[in-house]
Amino acid sequence: MTIDVNAFQTDFRNWYQTHKRDLPWRRDQEPYHVWLSEIMLQQTRVDTVIPYYEKFLKLFPTVQDLANAPEDQLMKAWEGLGYYSRARNLQKAARQIVQDYNGEWPTTAKELQNLAGVGPYTAAAIASISFNEKIPAIDGNAFRVFSRLFEIKADIADPKSRQVFAAAILPLMPDAAPGDFNQAVMDLGSMIATPKEPDIAHDPLRKYSLSYADGTWMDYPVKTKQKKPKPVSLVGIVIQNESGAFLLQRRDHKGVLADLFTFPLLAETEPLDAAAQGRLIQAEFKESYNLMLADLKPLGGKPVRHTFTHLKWTIDLWTAQLPSDADLSYFPGEWVAPSESDRFPVPTVQKKMMKRYLATVS
DNA sequence: CACTCGTGGAT
DNA sequence: TATCCAAGAGT
């Protein structure tokens, strides 16, 4: 594979200067801004991230503000964005910067990877954009763009493939503005060299592309298929006291939706009929929480469905009553009045359950 | 290293 | 509805 690197860089740079997107985190090269945006953009679309990014910068203008933020305020600001461990790692890393690095950002990708939540991609992105390190930032766009350019058949789901791509990309990077090169790859991948139906006619790199020449671009990137989400049946219990407050449960610090608040959820080892669900709920509340629910009954209607990357939840909703003076010593959660329900970070599935409940009882 | 960890848009 | 997948990282 012989390629005129100078011509390639010129074509690519010219295209980027004309077509690059105007994004909030491109207003400067502040590592705090670049880092925050890169964490939010992990597995998340630009349009989704923008409002969260703007809100975060208003709430936490500096890395010191983020390091000092109350956890619930942080999680609340992240609510709905998904992959919530990113938010916890965000604050861990902010505290690393303030305490371990005395507020001075490390300037190399190698050092940046010591920060919580910063892996090889994010470290390379920050190092190249903020500190002009010549290192390829290899994300899904880069895998797609360069596998098609050079017909690279390494499986991108295999971590070992990263070095194959790095070796192919590095010789193409310019000494000046390597961060622009990496961002150009992302813009090209999201606007032109898309997964389905790439706009080949407007691709500034089309004359360098082996797969375009061979008509094989649909075969790239090579990626092993992901498994189907595992079906899980659950019951969700909408419990209210005599003043109408809801009993919300703080989920375990580990696992799915860690630390967030939902109606109490119980997983069934296998799908149960209504009678068995009722017995499960009463037994679990008695044995685990020492609580006796009153007036327990199915809400009725279709179950609430929610699909994660690896799980497919089917939730049958129930309703019950519990006095406000019930002893919650063994229950990880608290009463939440409808008026103050937005003080707690809740995942999307909780919003779905609440919406279904309110629609059914009204 | 295979698995875990969310959400919403596109098709 | 089913599937893919979007600027991945931690374990």
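The sequence lines fix the lettering, A, B, ..., with proteins before strands; numbering per chain opens at 1. Computation of the quantities below employed the complete heavy-atom set of this structure, encompassing side-chain atoms and omitting hydrogens, waters and symmetry-equivalent molecules.
- Residue contacts for A/Gly80: at a heavy-atom cut-off of 4.0 Å it reaches the sugar-phosphate backbone alone, with no base atom in range.
- Checking C/dA9, B/dG6, C/dC5 against every side-chain atom of A/Tyr84, the shortest atom distance belongs to B/dG6.
- Place A/Pro159 and A/His306 on DNA chain B by their nearest nucleotides, and A/Pro159 ends up nearer the 5' end.
- The interatomic distance linking A/Lys351 (NZ) with B/dG8 (P) rounds to 10 Å, in whole Å.
- Atom NZ in A/Lys227 sits roughly 4 Å away from atom P in B/dC3 (whole-Å rounding).
- Put simply, A/His310 has a side-chain N or O that comes within less than 4.0 Å of OP1 or OP2 on B/dC5.
- Straight-line distance from the NZ atom of A/Lys352 to the C1' atom of B/dG8: 10 Å, rounded to whole Å.
- The base of B/dG6 lies close enough to the side chain of A/Thr44 for a donor and an acceptor atom to sit less than 3.5 Å apart.
- Under the 4.0 Å criterion applied to side-chain N and carboxylate O atoms, A/Asp259 and A/Arg251 are not assigned as salt-bridge partners.
- Rounded to whole angstrom, the span from the NZ atom of A/Lys312 across to the C1' atom of C/dT3 amounts to 11 Å.
- Ion pairing between A/Arg26 and A/Asp180 fails under the 4.0 Å rule for side-chain N and carboxylate O.
- When each of C/dC5, B/dT4, C/dG8 is scored by its nearest atom to the side-chain atoms of A/Gln226, the top-ranked nucleotide is C/dC5.
- Two residues, A/Arg21 and A/Gly117, neighbour DNA chain C, and the one matched to the more 5' nucleotide by heavy-atom proximity is A/Arg21.
- Look at A/Tyr83 and you won't find any side-chain N or O under 4.0 angstrom from OP1 or OP2 of B/dT4.
- A salt bridge is absent between A/Asp187 and A/Lys20: the closest approach of a Lys/Arg side-chain nitrogen to an acidic carboxylate oxygen does not fall below 4.0 angstrom.
- Contacts of A/Ala116 with the nucleic acid, taken as non-hydrogen atoms under 4.0 Å apart, involve only primed sugar atoms and P, OP1 or OP2.
- The residue A/Arg251 sits apart from the nucleic acid: no heavy atom pair falls under 4.0 Å.
- Residue A/Arg45 has its side chain nearest to B/dG8 when only B/dG8, C/dG8, B/dG6 are considered.
- Distance, A/Glu197 CD to C/dC5 C1': 16 Å, rounded to whole Å.
- For the pair A/Phe165 CZ and C/dG8 C1', the computed distance is 15 Å after rounding to whole Å.
- The aromatic rings of A/Phe146 and A/Phe150 sit parallel to each other, their planes meeting at less than 30°, with 60° as the upper class boundary.
- No contact: A/Ile138 has no heavy atom under 4.0 Å from any strand.
- Proximity of A/Thr348 to the phosphate of B/dT7: a side-chain N or O atom is located under 4.0 Å from OP1 or OP2.
- Comparing the P positions of C/dA6 and B/dC5 gives a spacing of 22 Å, expressed to the nearest Å.
- Side-chain N/O atoms of A/Asp65 and A/Thr62 include a donor and acceptor closer than 3.5 Å.
- Residue A/Lys228 places at least one side-chain N or O closer than 4.0 Å to OP1 or OP2 of C/dT3.
- At C/dA6, one or more side-chain N or O atoms of A/Arg144 fall inside 4.0 Å of OP1 or OP2 (strictly under the cut-off).
- A/Val49 comes within 4.0 angstrom of nothing in the nucleic acid, heavy atoms only.
- A/Leu311 has its CG atom 14 Å from the C1' atom of B/dT7, to the nearest Å.
- Remark on DNA chain C: of its neighbouring residues A/Pro195 and A/Gly119, the 5'-side contact belongs to A/Pro195, judged by nearest-heavy-atom nucleotide.
- Within 4.0 Å (heavy atoms only), A/Leu81 reaches at least one base atom of the nucleic acid.
- With respect to A/Asp11 and A/Lys207, a salt bridge is recorded, a charged nitrogen being found less than 4.0 Å from a carboxylate O.
- In this model, the phosphate group of C/dA9 is approached by a side-chain N or O of A/Thr122 to a distance below 4.0 Å at OP1 or OP2.
- For C/dT11 and B/dG6, the P atoms lie 14 Å apart once the distance is rounded to whole Å.
- Between the CD atom of A/Gln43 and the P atom of B/dT7 there is a distance of 14 Å, given to the nearest Å.
- A donor-acceptor contact closer than 3.5 angstrom is absent between the side chains of A/Lys227 and A/His310.
- When heavy atoms are screened at a 4.0 angstrom cut-off, A/Thr309 is found touching base atoms of the nucleic acid.
- Taking 4.0 angstrom as the limit, A/Lys160 places a side-chain polar atom (N or O) nearer than this to OP1 or OP2 of B/dC1.
- Residue contacts shown for A/Trp78 are absent, as no nucleic acid heavy atom lies under 4.0 Å away.
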